[in-house]
Amino acid sequence: MVVDRMRGFPQLRQVAGSSLRTSPTQERSRRRYGSILAAAADSFATVGYEATTMEAIASAGSTSIGSVYRFFPNKPAVFRAVAIVALGRIEAEVAAVLELASKPSANWQTLLDTAIDRLALVHREDPAVRAVLANLQLVAQPGRDEQLTRQFIAATAGLFTVWVGSMSEREREVVATLVVQTITGILVLAQRESPALAEAMLAQLKLMLRRYLEPWIV
């Protein structure tokens, strides 16, 4: 269930600092908060930000409108909380990919495919991420989003240091930026297409990046 996938947020402190009126401390209030945020994410992703109301969030979350307002002062605050969770989910996937890259047996082609597959899965199935993708114009965390992208680029450039001795530092930065930004852009655009076309786009993305990187990585 959507609610189950949205419980136990590791980003709760960051949400509390920017969006919450009251931070849930008891198990019961945490469950209620999880239900509210799950319902909000699903509604933002499905019907859009404008069509989502606080009343609809309360109804879908099986709670009262008073409970929603207990945590959030307004709808923009709810969306900010969903966006923070979404960025946290993507950050976790990036960290998992970089952990795989640190293993001695890491193969760059497999790692590239794994990175695209894992990020595509969270873009497609995570309700908070889908909510943000459906309402990109409202994302209120540009600084954190940019920071995550830059961290991913720096880590990718670091991998090229190991895999490609012939690249200059500037070349590594440029190639890493192109690879990360291309993956990010195609993942966002693919979500706007039919599932079949999205899968075909991702397959071509893998092929394109492999052929682009092969001259450097032997």
Side-chain angles (χ1 to χ4, degrees), residues 1-100 115 117-149 151-152 184 187-188 191:
M1 293 177 61
V2 172
V3 171
D4 292 332
R5 285 182 287 169
M6 294 286 289
R7 285 178 179 157
F9 307 102
Q11 302 85 17
L12 186 56
R13 251 179 231 174
Q14 292 162 324
V15 174
S18 63
S19 302
L20 295 184
R21 272 180 165 168
T22 302
S23 181
T25 56
Q26 303 297 322
E27 179 61 27
R28 182 178 177 183
S29 63
R30 285 179 177 272
R31 285 198 301 269
R32 185 179 297 115
Y33 173 80
S35 296
I36 291 168
L37 209 55
D42 191 54
S43 184
F44 290 142
T46 304
V47 303
Y49 179 84
E50 294 300 329
T52 297
T53 64
M54 297 290 268
E55 291 77 11
I57 291 171
S59 177
S62 301
T63 191
S64 67
I65 189 66
S67 292
V68 177
Y69 279 111
R70 176 190 169 200
F71 294 117
F72 300 101
N74 49 40
K75 186 168 70 171
V78 180
F79 187 82
R80 284 196 297 273
V82 171
I84 289 170
V85 171
L87 285 171
R89 295 282 164 78
I90 294 172
E91 190 172 10
E93 291 303 317
V94 169
V97 170
L98 295 179
E99 176 65 24
L100 291 174
D117 288 340
R118 290 188 69 130
L119 291 170
L121 183 64
V122 76
H123 276 65
R124 184 171 63 248
E125 295 191 356
D126 189 280
V129 176
R130 289 192 298 107
V132 170
L133 291 175
N135 303 276
L136 281 174
Q137 75 281 6
L138 300 172
V139 176
Q141 300 293 321
R144 187 178 171 203
D145 185 35
E146 177 67 15
Q147 181 183 33
L148 175 59
T149 300
Q151 289 173 347
F152 199 12
T184 301
L187 285 174
V188 171
Q191 298 309 306

*To the nearest 0.5 angstrom, please state how far the CD1 atom of Ile65 sits from the CD1 atom of Ile57.*
8.0 Å
*Nearest heavy-atom neighbours spanning Ala39 and Gly61*: CB-N, 3.5 Å
_Approximate separation, where rounding is to 0.5 Å, of Phe152 CZ and Glu91 CD_ = 12.0 Å
_Between Asn135 and Ala45 (side chain of the first, backbone of the second, donor and acceptor by atom type, cut-off under 3.5 Å), is there such a pair?_
no
*What is the distance from atom CZ of Arg70 to atom OG of Ser64, rounded to the nearest 0.5 Å?*
9.5 Å
*Among Thr53, Val78, Thr52, find the one that has a side chain to side chain contact (heavy atoms under 4.5 Å, CB included) with Ser43.*
Thr52
*Check for a donor-acceptor pair, side chain of Thr46 on one end and backbone N or O of Asp42 on the other, with a separation under 3.5 Å.*
yes
*Side-chain heavy-atom pair Ser62, Arg32 within 4.5 angstrom cut-off*: no
*Look at Glu27 together with Arg31 and state whether they make a salt bridge at an N to O cut-off of under 4.0 Å.*
yes
*Mind checking the CG-CZ spacing from Leu37 to Phe71? Nearest 0.5 Å is all I need.*
10.5 Å
*So, does Ser67 use its side chain to make a donor-acceptor pair with the main chain of Thr63 at under 3.5 Å?*
no
*Closest approach of His123 to Gln191 (non-hydrogen atoms, all atoms of both residues)*: O-OE1, 3.7 Å
*What closest approach, in Å, do Leu187 and Leu119 show between heavy atoms, and which atom pair accounts for it?*
CD1-CB, 3.5 Å
_Less than 4.5 Å apart, side chain to side chain, heavy atoms only: is that true for Glu50 and Phe44?_
no
*Phe72 vs Tyr33 aromatic rings, parallel, tilted or perpendicular, using cut-offs 30° and 60°?*
parallel
*Indicate the atoms forming the closest heavy-atom contact of Arg130 with Arg124, along with that distance.*
CD-O, 2.9 Å
